[in-house]
Amino acid sequence: MKARIKFRKYGVMRFIGHLDVMRFFQKSMRRAGIPIAFTGGYSPHMIMSFAQPLGVGVTSDGEYLDIELKEEIDPPEAVRRLNEVMVEGIEVVNFCRIPDDKKYSGMTIVAAASYKAILLESARSADVPRAFPVSWRGKLDEFLRQESIVVLKKTKRSETQADIKPMIYQMKLEEDGIYLFLAAGSEQNLKPDLVIRAFLEFIGEDPDSVPFHYHRIDVYARNMSEPKNSHKFIPLDSVSC
Amino acid sequence: MRKLALNDEILLKIEKPARYIGNEVNSVMKDKSKIDIRFAMCFPDVYEIGMSHLGIQILYDMFNRREDVWCERVYSPWTDLDQIMREEQIPLFALESQDPIREFDFLGITIQYEMCYTNILQVIDLSGIPLNACDRGDSDPIVIGGGPCTYNPEPLAEFFDLFYIGDGETVYDQLLDAYKENKKNGGSRKDYLQKAAGIEGIYVPQFYETEYKEDGTIASFKPTDPHARLTIQKQMVSDLTDTYYPMAPVVPFIKVTQDRVVLEIQRGCIRGCRFCQAGMLYRPTREREVETLKRYAYTMLKNTGHEEISLSSLSSSDYSQLKELVTFLIKEFKDEGINISLPSLRIDAFSLDVMGKVQDIRKSSLTFAPEAGSQRMRDVINKGLTEEIILDGAGQAFEGGWNKVKLYFMLGLPTETKEDMEAIPRLADKIARRYYEIPKDRRNGKCQITTSTSFFIPKPFTPFQWAKMYDKEEYVARAAMVKHEFQEQLNRKSLKYHWHEADVTVLEGVFARGDRRLSRVIREAYRLGCLYDSWTENFDNERWMHAFENTGVDIGFYNLRKRERDERFPWDFIDIGVTKDFLYQEWERALKGEVTPNCRVRCSGCGVMKYKGGVCVESKN
């Protein structure tokens, strides 16, 4: 028996890193009395997997984790119990059973994520947005019309040149910020700040002195009923819930 | 939503911002407009260390049960944030409300080890409170210290308004009520300090004056205020079952050193090892009732969601209901994926059996703390552990599948000779030999015997408080001799040896038995930039040596001098129950290599009987 939990991360909790959020949920399962299953072996651990790590500082309305249950629990009851033991800044919004079938479960199905990049008055506060300069507006289309968008991708070990354009599925200006729909998951993954940095460099701004706050809206899987390269995606909690 | 004291830019720049945002599960939020007393409880080290401390969790819970008090937490900002706070003049704040410490009524600091003294100054300084208690005004928080180092508070005397000597569970209510009363009556800071001085166990250092003899030792120590007591009586909870214990401790987001439920099964120790300060300070041994502990285990695991539970005490094997408790924990929680972590138990059939159940034998190691290598030396320190017991225990463990052993020893103990030191590697080798006696087909590869030595530091209120220490060069030479002897052993390839740094030992020695004149050394060291001295990567011995030079304080006076029987010690005004006569008698017995039986075998008349608690009365019930 498997279940998928969707939660929001906001407020001061954005300063808690991915590994610590995992630890937080492990302890929350115990406090809430969720009948989660354990692995066997000498030191058993909870069967739990998170969809897509979220960077420190980023808020989100669409975080996911899958758990294995050892007995049935009523979903609304599970949501209620979990929210009773949460802290301000983490809210469970959905708990649904998912089929045990491999193709629905496991976080390998993650294929895309949507974000809002919000321009800020100052790096000191993520709560005070700044209006998007008129002169930048037209540049957005220009930026996307480039044949390729080559950036330096830094990992812990190396730096590589990569063309991120194919991983940008959508990028448009909305009232409250730049909407981004980007490739995510284990095959290819693009972080929103990398796109914004590339854009800022493109328009001749110094990325380090233009503060943005990033907010993840949701995480998506490929829609199985559509052809493989169609870029049709559905939110993780719609896959089978 | 709570507004944080640090802005986003800072929080995203520093290491582990979770140290400073509060909001943890079970942290306590209150409406400050409905509060009479705001108490900031501080452990002067980094969050991960401070959050692992049981004492603070107990007091945090105890204070917050009062409706009129809001107790919050504060820890030392790590060096990265320390620098930013100084540059941007951000005052130190409490985690819960994020309000400046400066606005609180109390700043309580637990003082667990000598090498945190500069961090205490950091906390007071970053809070914007004058370092010297005499310079503080009515609007400054009352700075109060507690914990083991307050049994010789004199090196810190200048920086504290009050010291609380003993178990925190006893007179805090009186202290807080007196504060409220004084505030209501419009009393001054001095009025309050005078009232506090009248409460048992409370020491107000500015109400005393020390005079010194020409040789530097203390001539007299006298109260200068009519409210100050001549002796300060250690506070003790006599019934450990019927007192405060936090059923819902705060659960940190980041991994801390003690990331588990902790059950304090008893306080105190019956053993009477002559080097051990805790063994004397926390006399008499008091047990918590086992049924209560079982209930606590359930509730605390449920309220925290921790996946591990551990027992805490000075010597768990002496807890009379240990078998019952451990069996219960394994039966109830093992299948729930809860780890049961056992503190170092005496190695015997029972402990090997339970350890085999709760840990992976192939990965875990056994720990012995013989403290001294030769039997003669072990008799001097009154460590009732014989070579036979050690080899027997190790043998049983090896037969049971273990192949890793950790050994702990001290170097520089009183009367130590070359032979005593050489006995350390020899004992390690004997343990290895015992392992290789097992037929090859029943052995699990090679064995690994890891030996660590620290240098002995004489502590106040121990029989060894009269002992002299050595200089750094001598300590290094002793460790080198032990290392050399290790290389001579038959099984040297199975033996590993580590020793502690000698620099820190010298400083700890000075502060452990220091007097008021050391306040200026600490202040100078802090001024020179010393901070986080218990962290090897931050410790700067050279700066400390400058601090001694600049203040003209001689290390040798504190460490290398032989103390006479009638010398008045800086801590003699504190009465812990155990008498100075008893300690001296134990010192003389030590020098003769005579052992003293433990409290359960025979009462040695240490003096703590006057508290009429714990082991002193248990046989008479």
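Letters go in sequence order (proteins before strands), and every chain restarts at 1.
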For [X], which atoms come within 4.5 Å of any heavy atom of chain A: side chain, backbone, both, or neither?
X        : result
B:Ile254 : both
B:Lys255 : both
B:Lys13  : neither
B:Ile338 : both

First locate atom [atom1] of [X], then atom [atom2] of [Y], and finally report the distance between them rounded to the nearest 0.5 Å.
X        : Y       : atom1 : atom2 : answer
B:Lys16  : A:Ile16 : NZ    : CD1   : 11.5 Å
B:His306 : A:Gln26 : NE2   : CD    : 12.5 Å
A:Ser122 : B:Glu9  : OG    : CD    : 6.0 Å

Residue [X] excluded, over 12 heavy atoms near [atom1] under 6.0 Å:
X        : atom1 : result
A:Lys191 : NZ    : no
B:Gln83  : CD    : no
B:Lys30  : NZ    : yes
B:Gln89  : CD    : no
B:Glu537 : CD    : yes

- [ ] With a 4.5 angstrom heavy-atom cut-off, could you sort out which part of A:Arg23 is near chain B: side chain, backbone, both or neither?
- [x]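 For A:Arg23, the side chain is the part near chain B, not the backbone.
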Task: Residue part contacting chain B, namely of A:Phe38, when any heavy atom lies under 4.5 Å - done: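 Just its side chain gets close to chain B.
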Any idea which of [options] has the most non-hydrogen atom pairs under 4.5 angstrom with chain A?
options                     : answer
B:Leu12, B:Asn23, B:Leu6    : B:Asn23
B:Ile21, B:Asn339, B:Val251 : B:Ile21
B:Glu24, B:Glu336, B:Glu307 : B:Glu307

Task: Pairs of heavy atoms under 4.5 Å with chain B: top-ranked of A:His45, A:Met46, A:Arg31 - done: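 Heavy-atom pairs under 4.5 Å are most numerous for A:Arg31.
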- [ ] Flag the one option from A:Pro44, A:Ser125, A:Pro211 with the top tally of heavy-atom pairs under 4.5 Å to chain B.
- [x]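 That would be A:Ser125.
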TODO: Determine whether B:Leu301 and A:Arg30 make a side-chain contact, defined as any pair of heavy atoms from C-beta on separated by less than 4.5 Å.
DONE: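 Counting from C-beta outward, B:Leu301 and A:Arg30 never come under 4.5 Å.
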- [ ] Report yes if some heavy atom in the side chain of B:Phe253 is under 4.5 Å from a heavy atom in the side chain of A:Met13; otherwise report no.
- [x]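 Touching, per the 4.5 Å side-chain cut-off.
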Task: Partner of A:Lys27 under side-chain contact (heavy atoms from CB on, under 4.5 Å), chosen from B:Val25, B:Asp259, B:Thr304 - done: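 When side-chain contact (heavy atoms from CB on, under 4.5 Å) is applied between A:Lys27 and each of B:Val25, B:Asp259, B:Thr304, only B:Asp259 qualifies.
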Task: Basic-acidic side-chain contact under 4.0 Å: B:Asp8, A:Arg14 - done: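 Judged by the 4.0 Å cut-off on N to carboxylate O distance, B:Asp8 and A:Arg14 do form a salt bridge.
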